[in-house]
Amino acid sequence: MASLGIPGNTIEILQKHHFNIQKKYGQNFLVDTHVLEKIMDAAEITKEDCVVEIGPGIGTMTQYLAERAREVAAVEIDRNLIPILEETLADYQNVTIINEDILKVDLNSLVQEKNQGRPVKVVANLPYYITTPIIMALFENHVPIKSITIMVQKEVADRMQVGPGTKDYGALSLAVQYYAKPEIVAQVPPNCFIPRPGVGSAVIRLTRYENPPVEVKNEGLLFALIRAAFNQRRKTLANAIANAAGLPFSREDVVAALEKMQMPPAVRGEALTLEQFGKLADFLEYSS
Ligand code: SAM
């Protein structure tokens with residue numbers, strides 16, 4: 001079958017199936033073979049790999065993955081795309097299509113079934129309306145993953161990569177950097193999609209760390225502190241943590257811990273590195 005990553009072929013298949021593009025599912029189909037190749041190169045897909053694709057759409061990237069990987073499991077929410085995928089992927093015996101919401105799939109079981117629990121690679125042109133929940137679910141559920149290579153909104157890719165002292169720095173930056181090494185590998189303009197999204201896009205690769213770069217006694221507490229800090233970004237860190245529901249620390253507890261770290265009592269969360277959040281979590285854990 002001719003590559004779908006060319007506008008004419010994508011339009012033809014959409015028209016043939018009278019498919020209505022669903023904005024609510026973030027459907028922007030990739031139509032640029034150069035970008036598709038770049039994503040394959042960044043993900044370094046080989047015949048050893050089992051790949052999970054999120055949102056295969058009409059199967060454009062799935063074809064590229066099926067050519068290169070040993071096995072592909074593609075999870076698509078829109079049931080109207082299933083007959084299209086059955087047609088565009090008919091030539092590939094190594095692809096399983098799962099008609100489900102990715103946030104409802106038990107990914108640990110899927111990895112167990114498809115790859116005997118060994119780490120998989122996740123590759124996707126993500127639906128932008130749920131980018132953060134998808135990434136957080138992959139990490140927080142401890143799905144065995146080697147790397148995640150994804151197309152996201154440019155601004156979200158920036159947020160994953162930055163450190164303290166920039167406006168984009170936040171809970172997503174810290175969570176991603178705790179679990180993985182982020183690298184932006186391509187910038188992708190709106191004209192590479194049908195329909196064109198209203199924002200620029202970027203491909204980012206997140207390579208999972210075997211061990212997090214920061215060791216903490218209580219990972220749950222670390223993330224609760226990070227959430228508290230950025231939920232009330234304008235407040236001092238001590239006030240944000242003292243005000244957070246579910247955290248048992250007073251303003252004085254936090255100020256005392258900050259003092260041990262030689263940080264000013266009025267510091268804001270956005271000034272702390274991941275390592276400093278780790279230290280704070282350990283000081284508070286031991287003081288409680
Ligand atoms: N991979 C295709 C491509 O590159 O042309 C389509 C990418 S499009 C940006 C996002 C895809 O994710 C759509 O096919 C959409 O239907 C699907 N999708 C949206 N929400 C989803 C969810 N919760 N679970 C699984 N798939 C979802």
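Each ligand, and each atom within it, is numbered from 1 in the order the structure gives. In what follows, every heavy atom counts, from backbone to side chain, and hydrogens, waters and symmetry copies are set aside. All of these numbers come straight from a predicted model, not from anything done at the bench.
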### Identity and separation of the nearest protein heavy atom to atom 23 (N) of ligand 1
Asp101 OD1, 2.9 Å
### Task
Say whether Met151 and ligand 1 are in contact under the criterion: heavy-atom distance to a ligand atom below 4.0 Å.
no
### Message
Could you identify the single nearest non-hydrogen protein atom to atom 20 (N) of ligand 1 and state the distance to 0.1 Å?
### Response
Tyr129 OH, 2.9 Å
### Message
Whether the side chain of Gln276 engages the backbone of Thr273 through a donor-acceptor N/O pair (distance < 3.5 Å, no angle test) should be reported.
### Response
yes
### Message
Out of all atoms in ligand 1, which are within 4.0 Å of some heavy atom of Gln27? Include the element for each.
### Response
13 (C), 15 (C), 16 (O)
### Query
Taking N or O atoms only and a 3.5 Å limit, does Leu30 qualify as a polar contact for ligand 1?
yes
### Query
At a 4.0 Å threshold, what atoms of ligand 1 neighbour a non-hydrogen atom of Phe29?
5 (O), 6 (C)
### Query
Are there more than 12 heavy atoms of other residues, nucleotides or ligands under 6.0 Å from atom NZ of Lys217?
no
### Query
Just by distance, with hydrogens left out, do Gln22 and Asp78 show a side-chain donor and acceptor under 3.5 Å apart?
no
### Query
Hey, does Leu126 sit under 4.0 Å from ligand 1 if you only count heavy atoms?
yes
### Task
Considering non-hydrogen atoms only, spot the tightest contact between Thr88 and Gly59 and give its length.
OG1-CA, 4.1 Å
### Task
Indicate the ring-plane relationship of Phe223 and Tyr179, choosing parallel, tilted or perpendicular according to the 30° and 60° boundaries.
parallel
### Task
Indicate, as side chain, backbone, both or neither, the part of Glu100 found under 4.0 angstrom from ligand 1 when only non-hydrogen atoms are considered.
backbone
### Query
Is there a side chain to side chain donor-acceptor pair (under 3.5 Å) between Asn243 and Arg251 once you walk through the steps?
CA-CA 8 Å; Asn243 288 343; Arg251 193 184 161 278; over 6 Å; no
#### Entry: Closest approach of any protein heavy atom to atom 19 (C) of ligand 1, naming residue and atom
Tyr25 O, 3.1 Å
### Query
Charged N to carboxylate O below 4.0 Å: is that the case for Arg70 and Glu48?
no
### Task
To the nearest 0.5 angstrom, please state how far the CD atom of Gln112 sits from the CG atom of Asp106.
10.5 Å
### Task
Identify, for atom 27 (C) of ligand 1, the protein heavy atom at the shortest distance, and state residue, atom and that distance.
Ile77 CG2, 3.4 Å
### Task
Check the surroundings of atom NE2 in His34: do more than 12 heavy atoms from other residues, nucleotides or ligands lie under 6.0 Å from it?
no
### Query
Is Ile204 linked to Tyr129 within one hydrophobic cluster, defined over Ile, Leu, Val, Met, Phe, Trp and Tyr using a side-chain heavy-atom separation of less than 4.5 Å?
yes
### Closest to atom 8 (S) of ligand 1 (judged by heavy-atom distance), picking from Pro127, Gly26, Gly5
Gly26
### Summary
Going by the 4.0 angstrom heavy-atom rule, the piece of Phe193 near ligand 1 is neither
### Message
Which residue and atom name correspond to the protein heavy atom nearest atom 24 (N) of ligand 1, and how close is it?
### Response
Ile102 N, 2.9 Å
### Query
If we ignore angles and hydrogens, is there a donor and acceptor under 3.5 Å between the side chains of Thr149 and Lys121?
no
### Query
Can Leu103 be said to touch ligand 1, with heavy atoms closer than 4.0 Å?
no
### Query
Side chain or backbone of Pro56 under 4.0 Å from ligand 1, or both, or neither, by non-hydrogen atoms?
backbone
#### Entry: Those atoms of ligand 1 less than 4.0 Å from some heavy atom in Glu53
1 (N)
#### Entry: Side chain, backbone, both or neither: the part of Ile58 lying under 4.0 Å from ligand 1 by heavy atom
neither
### Message
Within ligand 1, which atoms have a heavy atom of Asn28 less than 4.0 Å away?
### Response
7 (C), 8 (S), 9 (C)
## Note on the structure
Of all protein heavy atoms, the one nearest atom 1 (N) of ligand 1 is Gly55 O, 2.8 Å
### Query
Do the side chains of Ile11 and Ile13 join up, straight or via other hydrophobic residues, at under 4.5 Å, putting them in one cluster?
no
### Message
Please list, in number order, the atoms of ligand 1 under 4.0 Å from a heavy atom of Ile130.
### Response
23 (N)
### Query
Cut-off 3.5 Å, side chains only: do Glu37 and Tyr64 have a donor facing an acceptor?
no
#### Entry: Identity and distance of the protein heavy atom lying nearest atom 14 (O) of ligand 1
Glu76 OE1, 2.7 Å
### Task
Going by the side-chain contact (heavy atoms from CB on, under 4.5 Å) test, name the single residue among Asp282, Leu280, Leu247 that passes it with Leu221.
Leu247
### Task
Examine Asn125 against ligand 1 and note whether any of their N/O atoms are separated by less than 3.5 Å.
yes
### Residue Val75 vicinity, atoms of ligand 1 by number, heavy atom under 4.0 Å
25 (C), 26 (N)
